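Here you go, one structure.
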Amino acid sequence: MLPDRAAILAYLTILSGSAGRLVISLVYFLIVANTLTLGDFGLFATASATGLILSRLLAFGFVSPLYRVATVKPRLLGAYLAGFAGLSLASLPLILLAAALVYALLFSGKLAVLPFALILLAEILCWRLVEVVAIVNNGLRRFRQSALLVIIGSALRTLAALLFVGLGHRSLEIWAFAYLAATMAAMVVALVFFLPRTRLRFAQRLYPRRMADAVYASAAEIVFYAQAELDKLLVLGLAGDRSAGLYVIAMRVIDLTAMPVRSFNQMLVQKIMTERGLAGGPRRLALIEFCIAAVSIAGLGAVILMLQPFPGLLGRNVSEAAYLFLPMLLVPAFRNLVEYHAELLYARERTGSRIALLCAITALKAALLSWVLLRFAADDGWAAWLNLVFGLVYALSAAVTYRLLAQGPASPAAALRKR
């Protein structure tokens with residue numbers, strides 16, 4: 001587990017990209033959060049979260065085999081990219097049906113169809129393709145290109161936000177058009193300048209063997225992002241769009257502090273995939289968890305300290321949500337550790353078990369959060385209770401994850417390879 005010089009340089013490269021994205025994303029977030037009303041921002045963020053979840057249906061999850069091939073068998077990349085393109089087209093009707101169902105259940109009467117569709121198009125098709133190109137570059141260990149692409153994509157969104165506020169607009173519908181235009185531009189940049197040059201070729205014999213891995217990985221990602229974004233949808237449904245706006249702002253600040261952890265997760269997953277295991281005993285694993293928790297809490301603590309002398313530093317709407325940060329101090333640690341556990345199970349190919357665990361986490365989180373919101377939503381006392389909600393979710397995740405890791409890899413993908 002001791003990193004060598006190459007691993008340290010790779011991590012620093014990924015981290016530099018994350019840091020650049022962090023700064024640019026922070027500017028973008030502050031502009032949008034303080035330009036739209038709290039209610040409109042809550043609707044935008046929950047629609048964006050919906051698009052993020054549904055984007056995992058694109059190509060029926062074939063991104064997972066694509067990443068594995070880029071990591072261990074790059075000579076097959078052209079064949080897998082062609083398969084991804086074909087499966088992406090085939091998955092669009094399913095995505096459209098799912099989007100219509102979600103709109104009818106959660107957004108009808110709160111958000112017009114047009115801005116909802118524009119936001120989902122930006123997330124599901126445009127930004128997901130940017131992510132796929134970045135994932136392929138990471139698999140090929142082209143970390144610099146991947147980091148640069150993500151920075152450019154975030155910068156284009158920030159530019160759109162600057163133009164949006166500079167022209168005096170406040171409408172959510174106009175912002176949805178600007179958001180789609182910026183994300184579409186990022187997609188074009190990704191496909192033209194960052195997609196590795198390779199000859200696309202269909203190889204039908206390859207795909208059936210990998211579809212089990214793809215479908216399981218897609219299901220796992222959908223459930224993972226559902227549990228990660230479910231809280232925003234629940235707050236919108238149970239506490240209203242203004243509370244959703246406040247909550248989304250708080251969680252967005254927490255999410256921005258997770259950049260160093262995600263860079264570490266990415267390096268760790270590649271190490272486990274290439275070396276077929278995770279070295280170190282319980283003490284080493286406990287140390288990793290402690291470091292992740294410390295970095296996560298320190299990030300939110302730094303924001304709280306920064307806002308003490310300058311409460312309006314991050315804008316009017318963010319300052320309204322700032323009172324939530326201190327009561328939620330432990331949430332970043334629990335949230336990032338659950339994400340870390342999910343990455344460990346993915347790397348060890350415990351895909352089916354990962355899905356089952358994430359379903360259990362989602363159910364537990366939904367039940368606890370619903371109770372908290374219904375009991376304390378009136379006086380915003382729910383913020384402090386979120387530490388308990390996320391803490392119990394973490395306890396379940398840790399108990400199941402380490403028990404599964406002790407059993408070794410056992411997924412459909414692994415079974416297919418053994419055959």
Side-chain angles (χ1 to χ4, degrees), residues 50-73 76-102 120 123-125 127-129 131-136 138-139 200 202-230 269 272-273 339 341-363 397 400-401 404 407-419:
T50 301
L52 178 65
I53 295 169
L54 295 180
S55 71
R56 271 51 199 173
L57 287 171
L58 190 67
F60 305 107
F62 203 71
V63 178
S64 178
L66 189 61
Y67 177 62
R68 293 186 190 277
V69 162
T71 302
V72 298
K73 294 181 180 179
L76 295 176
L77 185 59
Y80 277 73
L81 282 172
F84 172 81
L87 289 168
S88 294
L89 292 175
S91 66
L92 291 180
L94 175 62
I95 294 173
L96 183 61
L97 178 63
L101 181 62
V102 171
L120 259 63
E123 295 290 355
I124 294 172
L125 187 61
W127 190 252
R128 184 53 174 164
L129 290 180
E131 289 181 327
V132 168
V133 175
I135 287 169
V136 169
N138 280 329
L200 299 181
F202 281 97
Q204 295 184 7
R205 61 181 179 80
L206 295 176
Y207 309 137
R209 292 189 302 164
R210 302 303 177 195
M211 282 311 299
D213 179 33
V215 171
Y216 269 76
S218 176
E221 284 220 323
I222 290 170
V223 178
F224 172 77
Y225 282 101
Q227 68 84 22
E229 306 295 337
L230 176 68
V269 165
I272 295 172
M273 288 172 63
E339 186 172 330
H341 295 157
E343 292 295 325
L344 286 180
L345 291 177
Y346 170 73
R348 294 297 287 132
E349 300 177 354
R350 302 288 313 196
T351 314
S353 300
R354 184 186 184 212
I355 294 172
L357 173 59
L358 289 172
C359 285
I361 287 174
T362 303
S397 177
V400 176
T401 296
L404 290 172
Q407 299 172 7
S411 73
L416 284 170
R417 271 193 289 276
K418 289 178 182 177
R419 294 175 192 172

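Below, each value reflects all heavy atoms present in this structure, side chains not excepted, and no hydrogens, waters or symmetry copies. Keep in mind that what you see is a predicted model, and the values were worked out from it rather than measured.
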Could you give all pairs that pass the side chain to side chain donor-acceptor pair (under 3.5 Å) test and reach residues 79-89, with sequence neighbours left out?
-> Y80-R210
Would you please name every residue forming a side chain to side chain donor-acceptor pair (under 3.5 Å) with R56, sequence neighbours left out?
-> E131, E221, Y225
T401 versus L357: any side-chain heavy-atom pair under 4.5 Å?
-> yes
Side chain to side chain, S91 and L57, heavy atoms closer than 4.5 Å | no
Roughly how far, to the nearest 0.5 Å, is the CG atom of L345 from the CD1 atom of I355?
-> 11.0 Å
Hey, are the side chains of L54 and I222 touching, using non-hydrogen atoms and a 4.5 Å cut-off?
-> no
Would you please name every residue forming a ring-ring contact (aromatic ring centres under 6.0 Å, His included) with Y207, sequence neighbours left out?
-> F62
So how far is it from Y67 OH to I135 CD1, rounded to the nearest 0.5 Å?
-> 8.5 Å
Nearest-0.5 Å distance that lies between atom OG in S55 and atom CG in L120 | 9.0 Å
Test side chain to side chain contact (heavy atoms under 4.5 Å, CB included) on L92 and L58 and set out the steps.
-> CA-CA 7 Å; L92 291 180; L58 190 67; 4.2 Å; yes
Under the salt bridge (charged side-chain N to carboxylate O under 4.0 Å, His left out) test, which residues partner E229, sequence neighbours left out?
-> K232
So the salt bridge (charged side-chain N to carboxylate O under 4.0 Å, His left out) pairs with at least one residue in residues 92-101 (sequence neighbours excluded) are none
What's the spacing between R354 CZ and L404 CG if we round to 0.5 Å?
-> 12.0 Å
In Å and rounded to the nearest 0.5 Å, what is the CD to OG1 distance from E123 to T50?
-> 10.0 Å
Can you tell me how far CG of L200 sits from CG of L77, rounded to the nearest 0.5 angstrom?
-> 8.5 Å
When you look at L230 and T362, which way does the side chain to side chain contact (heavy atoms under 4.5 Å, CB included) test go after all the steps?
-> CA-CA 8 Å; L230 176 68; T362 303; 3.9 Å; yes
Which salt bridge (charged side-chain N to carboxylate O under 4.0 Å, His left out) pairs, counting each pair once, include a residue from residues 76-88, with sequence neighbours left out?
-> none
